[in-house]
Amino acid sequence: MEKNYNPSGVESKWYSYWIENRFFESQPDDRPSYTIVIPPPNVTGVLHMGHCLNNTIQDILIRRARQKGYNACWVPGTDHASIATEAKVVGMLRERGIDKNTLSREEFLTYAWEWKEKYGGIILQQLKKLGCALDWDRTNFTMDNDYYNAVIDVFIDLYKKGHIYRGVKMIHWDPKAQTALSDEEVIYKEVKSNLYYVRYKLDTDKEEYITIATTRPETILGDTAICVHPSDERYHHLKGMYAFVPLINRRIPIIYDEYIDMTFGTGALKVTPAHDINDYNLGLKHRLPIVDVLNSDGTMSKAAELFIGEDRFVVRKKIAKQLEAEGFLVKIEELMNSNGFSERTDAVIEPRLSMQWWCKMPHLAKPALDAVMKDDIQFYPAKFKNTYRHWMENIKDWCISRQLWWGHRIPAWYNEHGEFVVAKTEQEAQQLFTEKYPNHSFTLKQDEDVLDTWFSSWLWPIEVFKGFTNPDNAAIQYYYPTATLVTAPEIIFFWVARMIMAGYEYKKAKPFDAVYFTGIVRDKQGRKMSKSLGNSPDLLELIDKYGADAVRFGILISSPAGNDLLYDDKLCDQGRNFNNKLWNALRLIKGFSVTKDGYENEFATRWFTARLIEQRLQIDELMKQYQISEALKAVYKLIWDDFCSWYLEMIKPDFENPIGSATYQATLNFFRELMITLHPFMPFITEELFQEIREEKSTFTSICNTLLKDEIHFDQEVLIQGDLLIKLTTSIREVRAKNQMKPKDEIGLYYNTANDTSIEAIKKTLTRLNYLNCLIHSEKPEGTIPLTIKGDTYYIQVHREIDIEAEIKRLHDELNYTRGFLTSVNNKLSNERFVANANPDVVKKERQKASDAEKKIAALMEELNRLKAKK
RNA sequence: GGGAGCAUAGCUCAGCUGGUUUAGAGCAUCUGCCUUACAAGCAGAGGGUCACAGGUUCGACUCCUGUUGCUCCCACCA
C-alpha cells in the first residue's frame, strides 16, 4: 500500500463496479421499501454546492436503509423547468442569430428538445461523481410522454371537478420572459428609489393644485383618480371635485377611501388601476376606468399617449424631466421600498391585468395541512410546520398558466368567439364543443399557453412510478408513499406543499413519511453562495482536488440540522485527512506479522467490541432524528479516537514482534465493521478498503449490499474500565509533557489495586512505560509523582529530580477543585427539600458523587502530606 | 405590519423533556515530538459571568417574562 491515499481512479472504478453489478437497482420484493424521489434538478442546471449537500444526504439515507435491510430505491430525474429552459433556449438562439418571434411553435420546440438532449443530462452525470446510489433505470423527465399525459389528465380532472377556471385578474407579469408568474415566483428586494412629488391642477377657476407622491411617475399617464382619506382634514374641501392628469390633461375624480395612509407622502394617492394591485382594488370599489399604459414587454402603450414604445425605466426619467420643465414636479425624495423581481429572469415585475388559468386551493389544502399538523408527515426541523401552516391557512388561488412554449400545453380549445372547452385531443374537443355550443361555429384552436412547471412537479412522487399512467401497477403500490423527501426550505410552497396536496387528491395518501429540510450553503463569511459574488466553488474541481468522499465529509461535518452551513475548503482538508487516516490504519494492520502465540490483548478487544456497539446505537439514534452531521462526528470519533488512537495502540505489538492471531482477526473484523458504519457517508474509500480485506474474492460482493449488524447488548463494565485506563494514560502523558521528558527517558508506574485487570492493558506503547509494578500497600515508592484517579492512587517514577513545589501546587489545585465540587454536592444533599422532592435516582447519584469526592479528597490529602513532609 | 427562530471558547456548533461533575467537541492557537501506520501525523496545554435583566424552583445553559442584537419566512407601503 502507498503511504497516502489517492482517491483519483479509485472513485470512478467503484462507481462503475456498482453500476455493472446493478447494486442500486430496485424491484418490488418482500422486504420493506425505503424510497426517495430526488428533487428533480432543472435540465438547465449544473451541480452546485446546494445539490452536493442535498444529494449527499439522500445518498446517506438510501445507503443506510439498504444496510438496514430495506429495499432501497432512489429515483433520479430532471425537471423541464419551463421558464428557465425557455430563457436558455431563447438565449442560445439569439447567439445563433435567430429571433424566437420568427419561429413557429413547432420550430421552437424542435430547438428546445435538441437543447435538452444535448445539455439536459449533464447534471445527472455529475451526480455519479458524487457517488449517488441512484436507480438509473428509473430516470424520469417531467416532459416524458407518459408524464406529459399525466399532467394533462390532472388538469382536465381538476377542471371537471370545478377547481380550475379561467379569469381576468391582476397577476405578476415578467416583461422579460413575457409571461405571468405565480405569487411564489416573485422575489421582493429592497431597493433605493425616488419618491416624486407631483402636483395635479384642480378643475377650478383658480390656480389650485393637489400634490401626490409616487415612485412610478410613468404610470401617471394611466391615472384615473386621486384618492385621499375620508377623515383627512387637509382635503375635506375637495369633495366632489376633479383634477387634471399632468401632461395629458385627463380629468379625473378625487375619491375618498380609508385604505389611504394619511402619514405617507402628502396623504393623497394617484390611482392607476391597471398597474398596481391596490389601485386595482380601489378601482373596482369606486368603479374607475382602467387605462393600461404598458405593453407586455414593459414599453409604453398607445393608451399612454406619450412616450409610446419607450421602455418604462427610460420613461420614468424622461417624464420626471418633463414634469419638472412644465412646473408639475414639486420635489424628489429618496426612499427605500421593496420591488418584486422575477425569480427566473430577475426582471422587475409589473402587476398586470390579464386572463389566466387558475387553480382553486382550499379543498386541496385542507387534508395537506392536517397531515403535517398531526405529524402524519413529519417535518425536520419541526419549526417549518409553522411556516407551512401559515401559508396553507392563507392560501390563494394558484395562477397556473404561463405564456411560454416549453412545457405542458394547456388542453383548452377555443372557437373564434373565445368560447372554449377543455379536452385532451382536438377530436374530443370538437365533440364536446358540439354538445356545449350546439349552434355555434367552431374552428378550434388550442390554447397557446403552457402550465406552470410546478403543476407537473407536484405529481413527481406518483408519476415516477407511473401512478397516473398505470395506477394499479406493482411499483406504485410498493414504493408509495416514499420514505423521506430531502429538499431546501425555499421550495416548501412551490413544491413540498403541492406534492402533499396532489398525494391526498390522487392517491388518498401522503407522498412521503418525512421531509428533511437542509440549510443553505453559505461561504465562511456567512454570505449566500451566488454566481454574482463568485463565492461558490466549482464542485467538480473540488472533487478532482479532494475526492468525492472528502467533499462529502466537508459539506456534512459543517451542516447542523436545520441551520445554514458555513462552507470552507478547510473542511474538505479535514475530510481528506480522514481518508488518509483510514488508509494508514489498514496499512498498519496489514503490516503486522501474525503468529499463534504473538501478542494478544484480550482486554482491548473486549473493550472495543463494547465501544463499537455502544457507538453504533448512538449513531442510530442520531440518524433517526436526522442529526446527520452529529452522526458523522460520532463515526469520525469512533474511528479516529477510539479505534486508531486507543485500540490500535493497545494491540500494537512491540517493535518487530508478531501479533497474536486472535487479536489480529478481531482487529480486521473491527476494521471491516467500521468501514460498513462509515460507508453511507464516504462510499468510495470504504468500498476500497472493504475490498482490500475481503476474503471471498469470488462473489459479486460490495460494501453496498453488506448488512449492518444490529447488536444491542454490550459490556458496560469493560467500558468503565476502559475509561479509567484512558484517564490514567492521559495523566501519565501529562506528567511526561510537564516534565519535558524525551520519549526515551525512563518512566515507571506503580499501582496498588488488585481488582484492576485493565491495568495490564496499559501497554508500553500507550505511554512508553519502561516498567509497570504492582505494589503492596505499605511500601510506597519514594521519589514518585502521585496520581489520584477515582480514589485510587498511582505512582509515577520519573528517575529525575521532582519539582516538589510544583507537585504540591498541582495536588493543591486538584484538592481545591474537588472540595468545591463536594461542597456543591453537599449543599444539595443537606437541603431537605432536595432529598424530599428530587427523583430518588438523582439523590442516589448525588450521594455517590459525594462519596467519590470524599475518597478522592482523602487520597489527595495523604499524598499532599507525604510530599510536604519530604520538603 | 404579521409570524418563526437564534444568541454557549477566537470560529463553527453539541448540550433532547431542569440535577453526569464548577459546561463539551471539531477547527484555530500555544508547547513538545521526523516515536518503527499516518507531519494530511502524535502527545500535551491554554481558552467560557452560557447576550442582558428579572421570575419560577430545593436546584436554571436548560422553563417563563421583558430588553438588546442578529437571521429567516409571509404580507406589502403609493
Side-chain angles (χ1 to χ4, degrees), chain A residues 1 3-5 183 188 195 212-216 219 227 259-261 264-266 268-272 276-279 335 337-338 340 381 383-387 389-391 394 489-490 492-493 520 524 526 557-560 562-566 568 570-571 573-574 576-592 621 625 627 629-630 633 636-637 644-645 648-649 652 654-656 730 733-738 740-744 765 767-768 817-818 820-825 827-828 831-839 841-843 845-846 848-849 852-853:
Chain A
M1 284 170 88
K3 190 170 171 189
N4 287 331
Y5 173 64
D183 294 349
Y188 290 91
L195 185 61
I212 58 89
T214 180
T215 53
R216 303 200 55 192
T219 65
C227 189
Y259 160 75
I260 298 301
D261 175 3
F264 187 91
T266 61
L269 169 75
K270 70 185 222 35
V271 185
T272 323
D276 183 280
I277 181 70
N278 298 300
D279 289 17
L335 173 80
N337 71 338
S338 70
K383 66 178 176 185
F384 288 110
K385 281 166 74 175
N386 289 315
T387 317
R389 187 183 62 211
H390 185 259
W391 190 74
N394 297 287
E490 291 109 278
I492 185 169
F493 309 130
I520 295 167
K524 62 181 165 184
I557 205 76
S558 63
S559 175
N563 277 337
D564 289 354
L565 56 105
L566 306 187
D568 184 351
K570 252 184 359 197
L571 297 163
D573 274 318
Q574 203 184 335
R576 186 196 52 183
N577 295 353
F578 187 36
N579 278 336
N580 201 44
K581 189 74 181 175
L582 301 172
W583 181 260
N584 276 289
L586 184 57
R587 210 154 74 91
L588 171 69
I589 298 168
K590 293 195 78 170
F592 288 143
E621 272 313 301
Q625 295 303 311
Q627 312 238 31
S629 86
E630 289 300 311
K633 279 178 195 165
Y636 179 79
K637 291 189 66 158
C644 293
S645 296
L648 286 181
E649 294 300 331
K652 205 190 251 178
D654 288 345
F655 186 48
E656 294 196 327
T730 308
R733 286 171 178 169
E734 197 183 331
V735 168
R736 258 187 196 288
K738 281 248 164 78
Q740 309 234 308
M741 293 175 71
K742 293 245 156 60
K744 282 171 192 159
T765 44
T767 58
R768 302 191 162 272
Y817 177 92
T818 315
F821 173 63
L822 180 62
T823 309
S824 86
V825 175
N827 281 347
K828 282 183 209 168
N831 185 330
E832 280 172 34
R833 298 172 73 178
F834 169 72
V835 180
N837 297 336
N839 186 315
D841 277 352
V842 172
V843 178
K845 273 181 197 164
E846 292 297 315
Q848 184 62 47
K849 280 198 243 172
D852 285 354

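Here is how names work: the chains are called A, B, and so on, in the same order as the sequence lines, proteins then strands, and each is numbered from 1. Small disclaimer: the values here were computed from a predicted structure and weren't measured. As a basis for the values below, the full set of heavy atoms in this structure was taken, side chains included, without hydrogen atoms, waters or symmetry mates.
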B/S/- contact track for nucleotides 31-38 of chain B, protein heavy atom under 4.0 Å: ----SBBB

Describe, in one word, how the ring planes of A/Phe493 and A/Trp391 are oriented to each other, choosing from parallel (under 30°), tilted (30 to 60°) and perpendicular (over 60°). parallel

Using a cut-off of 4.0 Å on non-hydrogen atoms, how would the nucleic acid contact of A/Phe578 be classed: base, sugar-phosphate, or nothing? nothing

Heavy atoms only: give me the nearest A/Ile492-A/Phe384 pair and the separation to one decimal. CD1-O, 4.0 Å

How many Å lie between NZ on A/Lys385 and P on B/G5, as a whole number? 12 Å

Any strand: nucleotide that pairs with B/A23 via Watson-Crick or wobble, under 3.5 Å: none

A/Glu734 atom CD is separated from B/C30 atom C1', nearest whole Å, by 16 Å

Distance check needed: B/G59 C1' versus A/Glu832 CD, whole Å only. 15 Å

Atom NZ of A/Lys383 and atom C1' of B/A4 are separated, to the nearest Å, by 8 Å

Check: A/Leu195 and A/Phe264 side chains under 4.5 Å, non-hydrogen atoms: yes

Using a cut-off of 4.0 Å on non-hydrogen atoms, how would the nucleic acid contact of A/Leu566 be classed: base, sugar-phosphate, or nothing? sugar-phosphate

Taking A/Arg576 first and then A/Asp573, would you say they form a salt bridge - that is, a charged N and a carboxylate O separated by under 4.0 Å? yes

Find the partner of B/U17: check Watson-Crick (N1-N3 plus N6-O4 or O6-N4) and G-U wobble (N1-O2, O6-N3) distances, both under 3.5 Å, and reply none if neither fits. none

Check whether any side-chain N or O of A/Asn394 sits under 3.5 Å from a backbone N or O of A/His390 as a donor-acceptor pair, and report yes or no. yes

Contact class for A/Lys637 (heavy atom, under 4.0 Å): base, sugar-phosphate, or nothing? sugar-phosphate

Rounded to whole Å, the CZ-P distance (A/Arg833 to B/U56) equals 12 Å

Any side-chain to backbone donor/acceptor pair from A/Asn580 onto A/Asn4? Under 3.5 Å, distance only. no

Under 4.0 Å, heavy atoms only, any strand: does A/Thr215 hit a base, just the sugar-phosphate, or nothing? sugar-phosphate

What nucleotide, of B/G41, B/G19, B/A78, holds the atom closest to the side chain of A/Lys828? B/G19

Roughly how far apart, to the nearest Å, are B/C42 and B/C34 at atom C1'? 11 Å

Side chain of A/Lys270 only, heavy atoms from C-beta on: which candidate in B/A78, B/C13, B/G19 is closest? B/A78

Given B/G5, B/C27, B/A78, the nucleotide with the shortest approach to the side chain of A/Asn337: B/A78

Watson-Crick/G-U partner (both atom distances under 3.5 Å) of B/G69: B/C6

Counting side-chain heavy atoms from C-beta on, which of B/G5, B/C76, B/C13 comes nearest to A/Tyr188? B/C76

Would you classify A/Leu822 as touching base, sugar-phosphate or nothing, given that sugar-phosphate means primed atoms plus P, OP1 and OP2, and contacts are heavy atoms under 4.0 Å? nothing

Looking across every strand, which nucleic acid part, if any, lies under 4.0 Å from A/Ile260 by heavy atom: base, sugar-phosphate, or nothing? base

Are more than 12 heavy atoms, taken from residues, nucleotides or ligands other than A/Lys385, located less than 6.0 Å from that residue's NZ atom? yes

Distance, rounded to the nearest Å, where A/Asp261 contributes CG and B/G1 contributes C1': 11 Å

What does B/G1 pair with, Watson-Crick or G-U, if both distances are under 3.5 Å? B/C74

Please report, rounded to the nearest Å, how far the P atom of B/G24 is from the NZ atom of A/Lys633. 17 Å

Under 4.0 Å between any heavy atoms, over every strand shown, what does A/Thr730 touch: base, sugar-phosphate, or nothing? Just pick one. sugar-phosphate

Name the nucleic acid region contacted by A/Lys845, choosing base, sugar-phosphate or nothing; use a 4.0 angstrom heavy-atom cut-off, strictly under. base

Gap between atoms CD and P, on A/Glu490 and B/A4 respectively (whole Å): 21 Å

Assigned partner base of B/G41, Watson-Crick or wobble definition, under 3.5 Å: B/C33

